[in-house]
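Contents: one structure, followed by commentary.
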Number of protein chains: 2
Amino acid sequence: MTPTRLDHDALSDALQAAGLRPTAQRLAVYDQLAAMDQHPTAEQVFRAVRPRLPRISLATVYKALEALVAVGAVDRLGAESAAGPARYDARGDRHYHFRCLRTGAIHDLPVQYDPKLIERLDPALADDLRSRGFQVTGYRLELLGYQDDGRDA
Amino acid sequence: MTPTRLDHDALSDALQAAGLRPTAQRLAVYDQLAAMDQHPTAEQVFRAVRPRLPRISLATVYKALEALVAVGAVDRLGAESAAGPARYDARGDRHYHFRCLRTGAIHDLPVQYDPKLIERLDPALADDLRSRGFQVTGYRLELLGYQDDGRDA
DNA sequence: ATCGATGCAAAGCGTTTGCAGGGGT
DNA sequence: ACCCCTGCAAACGCTTTGCATCGAT
C-alpha cells in the first residue's frame, strides 16, 4: 500500500516543469506528507514539519500543498463532514479510500485500483457524457463508515 | 433518474420518528431541494424557498438540511475543491455523481447503482475491514472532470 | 406551560490573500 | 537585478452557535 514516493530530484523536476521552484518548504512538506501513514490535514502537516523548518508558516504549508497538487504529486481529499479540514494524500499509485464519517479520517484500501471500473459499469457512459459536454478525467471511489474509537483520529 | 420523492406525510413520519418536528420550513426546504434538478448549495436552496417563506433565514435552511440529512431524506455532498460550499441531494434511490472540478457542480449519472460493487471488487474486503475495526455503511462513486462553459454553474 | 424550532446576529473554522521582506538563479 | 517565494496578518466564505421569541402540542 505504500505509494511510489518521489525523490527530491523527481519532485524538483516536476515542479520546475510547471514553472514552480523546488523550495525547501515544498520538498519538506512533500516528504513529511509521504512519510505519514494517515492522510493528514494541512494543520497536521504543519505541526509535523515544524521541527525541521521551525520558521515555516501555516500559510506556506497551504501554498506548498497547493503547488504539489498542481503538479500532481499530491491529492487533495475534500472534507466530507462539514466544518472539517481537507486531507492530503501523497499519492503514488491510484487507490481507493475508506472515510470515517465521524472523525473524517481517511485510510487507504488494500484493493487494487481498477482503471476500467467505469467502463465496466457502463461501456457507453464516458462517450455519452462526452457528447453532452462533460470531460471525464478520472473517478473516485470511497467506502464510508465508522471506525472504532481509540485509534488514530 | 428522478429519485423517489417523499411526500409530506412520509417525510413528517420520518422526522417525528427521529424526534424532530415536521415544520413548514423543513418540509419546504425538502420540497424545494427535491424540485431542483441540479444539486444545489444551501444558499441556492435558501434563495429558492424565499418566495414561499419570505421570512426564512439562511441559518434555518442549514438547520433544516441538517435535520433532513439526519433522517436520511437528504444527502450532503461535501465540497471537493477548496472554498466551495457543500451540495445537497434529495436522494431517493442511490446513484452516482459526476462532479465538475472547476465549478463544483454535481450531476446524477444515468447508470444503475450497484449494491454489490464493493463485494465484486474484493469479496473479502468488507470482512477484512470489519475485523480491523471499520464498520462500512456504504460507498460513494464519483466521476471527476470538467463541463463545458455556458451551462448551469 | 412546555419544549423544540425559528430568525437574527455574531462567532467560528479552515483557507486564501495582500504585502513587505528575502533568496535563489 | 529579477522574480518567485516566504511569512505574517488580515480578510474571506461557508457554516455553526447563542439567544430571545415564537408556535405547536
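Proteins come first, then strands; the chains are lettered A, B, ... in the order of their sequence lines, and each starts at number 1.
For the salt bridge (charged side-chain N to carboxylate O under 4.0 Å, His left out) test, residues two or more places apart in sequence or in another chain that qualify with B/Arg120 are B/Asp114.
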### Query
Run the ring pair (Phe, Tyr, Trp, His ring centres under 6.0 Å) check on B/Tyr62 and B/Tyr88 step by step: do they pass?
CA-CA 11 Å; B/Tyr62 272 105; B/Tyr88 294 86; 7.2 Å; no

### Task
Mind running side chain to side chain contact (heavy atoms under 4.5 Å, CB included) on A/Ile118 and B/Tyr96 for me, showing each step along the way?
CA-CA 11 Å; A/Ile118 301 304; B/Tyr96 306 129; over 6 Å; no

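With rounding to whole Å, A/Leu27 atom CG is found 14 Å from C/dG24 atom C1'. Per the geometry, CD belonging to B/Gln16 stands 15 Å off C1' belonging to C/dC3, to the nearest Å. For the pair A/Phe46 CZ and D/dC8 C1', the computed distance is 11 Å after rounding to whole Å. Following rounding to the nearest Å, B/Glu43 (CD) and D/dG13 (C1') show an atom-to-atom distance of 10 Å.
Considering B/Gln44, B/Arg47, B/Arg52 in turn, B/Arg52 is the only one that fulfils the side-chain hydrogen bond (donor to acceptor under 3.5 Å, both in side chains) rule with B/Gln32.
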### Message
For a quick check, with a 4.0 angstrom heavy-atom cut-off, what is the B/S/- contact string for nucleotides 5-11 of chain C, read 5' to 3'?
### Response
SSBBB--

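Nearest heavy atoms, A/Arg99 versus A/Ala79: NH1-C, 4.0 Å.
A sub-4.0 Å separation between OP1 or OP2 of C/dG14 and a side-chain N or O of A/Arg76 is absent.
Counted within 6.0 Å of CZ on A/Arg140, heavy atoms from surrounding residues, nucleotides or ligands total more than 12; the atom is thus considered enclosed.
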